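Let me begin by presenting the structure, written as structure tokens, before commenting on it.
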Amino acid sequence: MCDHTENDEFAGEYAPRELSPVETLRHSFAHLLASAVADLYPGTKFGTGPHVEHGFYYDMQIPVPVSIDDLPKIEEKMREIAKGNHKFERFMLEREDALKWAAEAGQGFKAEIIEGIPHGKISFYKHAGFTDMCAGPHVNYSSKLKHFKLTAISGAYWRANDQNPQMTRIYGVAFEQKEELEGHLKMLEEAAKRDHRKLGKELELFQITQEYGGGLVLWMPNGAFIRKTIEDFWRDEHLRRGYNFLFTPHVAPATLWDRSGHNQNYRDSMYSPMEVEGQMYQLKPMNCPFHIGVFNHRQRSYRELPLRYAELGTVYRFERSGALHGLMRVRGFTQDDAHIFCTRETLEAEIAGCLDIAQTMYQTFGFPDYKVELSVRDAKNSKNFLGSDEIWELAESTLAKVLESRNIPYTRVEGEAAFYGPKIDVKVIDAIGRVWQLTTVQLDFNLPERFDLGYIGADNAEHRPIMVHRALLGSLERFFGILIEHYAGDFPVWLAPVQAKVLPLSEKFLDYGRDVVQSLRNAGLRAELDVSDEKLGYKVRRAEMEKVPYALVVGGREAETRTVGVRKRKDGDLGSMSIEAFAERLADEAKNKVR
RNA sequence: GCCGACAUAGCUCAGCCGGUAGAGCAGCGCUUUCGUAAAGCGCAGGUCGUCGGUUCAAGUCCGACUGUCGGCUCCA
């Protein structure tokens, strides 16, 4: 699981490989960057410089501190070199000669890479007097390197291991066409505008402060309302699918976490124990042991399976301070968790049920596109995985079968399964094309053993149930963060904390405004009155900025005819409507969860 | 935790080469009673993240710490 990227990255430096034209371009940019840095900062030692999703980076050890302010200078140097129209020339050296080159050039990281290459010649590229060991391929002339921008600088560990020296990583984005680069930069701008931390503050959705603990979320009224609405919907969907709800404690005796294996396998993410009357307790990092406790309450019969236990369970996991990030990465969060205990015969139907409810979620929250991964064990290293070949084969083939029967395209990832079972992960694509992991459906062959789970079958013998662990939205905190950015804060009517804001033209119409608000509230809608002593234009502007779906203007005309002047967020004036007609329209939108 | 940057009013930000703080918005008050994205005037609001150092004098220079941001690592 952990060595995968490392091997990939280094394979790239020597193994023959196929890159697409745009990947080749991006990889060439990495070398252009390296040559610029070598020029500006003599003595720089180079690590690796791969292409990444929208561009490239290069990890280097630069002898002087370099900050983001130096990027324009480096970028300029890159453009200068690129314009020189240098040829990228490839040449090969024998291993010993390559090592000699690395020693002479003081390129220790390259030497390390060469040492990892078992045999064969080593490939080098040279352009503009700069030589770098690299498998390539590259574009033929530097003049093809045009549309790029250096975007970030950061620390990165050599070979992604925090025991190794830290290098400076410079990131850039690069595209074949100018328009693509511009589009991408615009997307980044748009992403910054949608930043959930910024919107969270502006719209008063949540707060995370040092005083109340880093990574611990205070849901403020607007955010709390949205969460409650999400939870209500979530519970309704579970109820109709035959789930039972649980509530379980936030702490448990350390002995429970010993039995579950968390103290052995999940230690790094758990908080220190606290003593209660001589017994040690720990905050829960997961809900599973409690759900198992409920299952184990008494002897189970095959007739009552499958049992589906669901809980919006709040868990606590230690995260290093540098890893915290708004709502996306926190120390206390609520999983939309469930554990299903079933037999082999019903496993397929249960997995299908999980995907079905997951798809309902994506559809409702407006994520039409998603990617699915099926993580299976590495059959060559079956001893690293717990459970018999037979159960693994059944489990993997069942997961694949469900995906296929539902016509869900998926990628099969060998060796990415957890040691205790295979899983299906789903990543949704948001409004500006970013990918977010949401759903995970995992089979667990470990905990049923550890807790000796059993049920009595039709044959009157005891059998081990199959345990499915699944979360659809992942965590409510993270999902809320994703949702804020997906909608850019413009929540649809069914989620909006305030659905309509009534704007009296002047104080004279406050009374009629109150009537309107009350009528809407009586119809089960969420309306508020703007009582400020401001002109209409100002109130309209504020309603827009507060991202309230509808603003209702009430003045003399409206008061006389018992109507409201309807203004839809972003779309503007829709004309006047009777209070009842508007209430109906709003209720309809809310009911149908119109986006 | 590591690398780099940053930390000034509730928010967004000015404050050059050191001379004991400034704007806009928000808030409050008064005037205004207004027709679809900002009416006018006034008031109040900060021991400039914390601690230490240099200096006659420190938001301003130096150091440490804390936090935030971009990454790394990890991951819901």
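All figures in this text were calculated on a predicted structure; none of them were measured in a lab. In the text below, chain A, chain B and the rest are named by the order of the sequence lines, each starting its count at 1.
- Contact annotation: A:H325 does not reach the phosphate of B:C74 (side-chain N/O to OP1 or OP2, under 4.0 Å).
- Using C1' as the reference atom, B:G15 and B:U20 are 14 Å apart when rounded to the nearest Å.
- For the C1' atoms, the distance from B:A21 to B:A57 is 16 Å, rounded to whole Å.
- Looking at A:E544, its side chain has no donor and acceptor atom pair within 3.5 Å of the base of B:A38.
- A sub-4.0 Å separation between OP1 or OP2 of B:C72 and a side-chain N or O of A:Y57 is absent.
- A:D356 contributes atom CG, which lies 10.0 Å from atom CE of A:M361 (distance to the nearest 0.5 angstrom).
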Its dot-bracket string being built from Watson-Crick and G-U pairs below 3.5 Å, with | for another strand and [ ] for crossing, RNA chain B has the pattern (((((((..((((.....[..)))).(((((.......))))).....(((((..]....))))))))))))....

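- A side-chain hydrogen bond (donor to acceptor under 3.5 Å, both in side chains) with A:E544 is found for one member of A:K501, A:R567, A:K570, A:K539 and no other, namely A:R567.
- Here B:G1 presents its C1' atom at 13 Å from CZ of A:R329, a figure rounded to the nearest Å.
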Handout entry: Verdict with reasoning, A:Q207 to A:W219, per side chain to side chain donor-acceptor pair (under 3.5 Å)
Key = CA-CA 7 Å; A:Q207 73 177 86; A:W219 294 72; over 6 Å; no

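- For A:I482 and B:C75, the CD1 to P distance is 17 Å, given to the nearest whole Å.
- Listed for the A:R526 side chain is no donor-acceptor partner under 3.5 Å among the backbone atoms of A:Q499.
- Within 4.0 Å of A:V330, counting heavy atoms only, lies at least one base atom of the nucleic acid.
- The residue A:E319 sits close to a base: some heavy atom pair falls under 4.0 Å.
- Residue contacts shown for A:F509 are absent, as no nucleic acid heavy atom lies under 4.0 Å away.
- The base of B:U36 is not paired with the side chain of A:R541 by any donor and acceptor separated by under 3.5 Å.
- Of all the heavy atoms in A:C354 and A:Y243, the pair that sits closest is SG-OH, 4.3 Å.
- Residue A:A323 is classed as a base contact, given a heavy-atom separation below 4.0 Å to a base.
- One atom, CG of A:D530, and another, P of B:A38, lie 15 Å apart when rounded to the nearest Å.
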Distances under 3.5 Å between nitrogen or oxygen atoms of protein and nucleotides 4-14 of chain B:
none

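- Residue-level contact check: A:E558 touches the bases, meaning some heavy atom is under 4.0 Å from a base atom.
- Rounded to whole Å, atom P of B:A76 lies 10 Å from atom NZ of A:K427.
- The side chain of A:K539 contributes no N or O atom lying less than 4.0 Å from OP1 or OP2 of B:C34.
- Residue A:R197 has its side chain nearest to B:G70 when only B:G70, B:G1, B:C74 are considered.
- Taking the syn range as angles within 90° of 0, the glycosidic angle of B:G59 is syn.
- Picking from B:G1, B:U36, B:C34 the nucleotide with the shortest atom distance to the side chain of A:R320 gives B:G1.
- For the pair A:R169 and B:G70, the criterion of a side-chain N or O lying under 4.0 Å from OP1 or OP2 is not met.
- Separation of the P atoms belonging to B:U12 and B:G49 is 15 Å when rounded to the nearest angstrom.
- In this structure, the CZ atom of A:F318 is 8 Å from the P atom of B:G1, given to the nearest Å.
- Distance noted for atom P between B:G59 and B:U32: 45 Å (whole Å).
- The separation between A:M167 atom CE and B:C72 atom P is 15 Å, rounded to whole Å.
- In this structure, OH of A:Y316 is placed 22 Å from P of B:C75, rounded to the nearest angstrom.
- Ion pair A:K423/A:D425 flagged as a salt bridge, since at least one NZ, NE, NH1 or NH2 atom sits closer than 4.0 Å to an Asp/Glu carboxylate oxygen.
- Taking the C1' atoms as reference points, B:U60 lies 6 Å from B:G18, given to the whole Å.
- Nearest heavy-atom pair, A:M78 versus A:A36, reported as atom, atom and distance to 0.1 Å: CG-CB, 3.5 Å.
- Of all nucleotides listed (B:A37, B:C34, B:U73), B:C34 comes nearest to the side chain of A:K508.
- Residue-environment remark: CD (A:E190) exceeds the threshold of 12 foreign heavy atoms within 6.0 Å.
- Put simply, the side chain of A:K284 never gets that close to the backbone of A:A252: no donor and acceptor are under 3.5 Å apart.
- A donor-acceptor contact closer than 3.5 angstrom links the side chains of A:R169 and A:Y171.
- To the nearest 0.5 angstrom, A:F290 atom CZ is 9.5 Å from A:S260 atom OG.
- For A:E53, the CD atom sits in a loose shell: 12 or fewer heavy atoms of surrounding residues, nucleotides or ligands are nearer than 6.0 Å.
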Show each protein N/O and nucleotides 39-50 of chain B N/O combination with a separation under 3.5 Å, one pair to a line.
none

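- The environment of NZ in A:K149 is sparse: at most 12 heavy-atom neighbours from other residues, nucleotides or ligands sit within 6.0 Å.
- Sequence order on RNA chain B of the closest nucleotides to A:E507 and A:F333 puts A:E507 first from the 5' end.
- An OP1 or OP2 oxygen of B:C25 is reached within less than 4.0 angstrom by no side-chain nitrogen or oxygen of A:R542.
- For A:L199 against A:L205, the heavy-atom pair with the smallest separation is O-CD1, 4.1 Å.
- Considering every non-hydrogen atom in both A:L150 and A:F56, the closest pair reads CD2-CZ, 4.0 Å.
- Taking atom CD of residue A:E560 and atom P of nucleotide B:G35, one finds them 16 Å apart after rounding to whole Å.
- For A:M545, the listed nucleotide lying nearest its side chain is B:A37; candidates were B:C74, B:A37, B:U36.
- Across B:G27 and B:G46, the matching C1' atoms stand 16 Å from one another, rounded to whole Å.
- Using atom C1' as the reference point in both B:A44 and B:G29, the two lie 10 Å apart (nearest Å).
- A:G572 comes within 4.0 angstrom of nothing in the nucleic acid, heavy atoms only.
- Take the nearest nucleotide of RNA chain B for A:G326 and for A:S475: the residue whose nucleotide is more 5' is A:G326.
- Rounded to whole Å, the separation between the C1' atoms of B:A38 and B:C3 comes to 44 Å.
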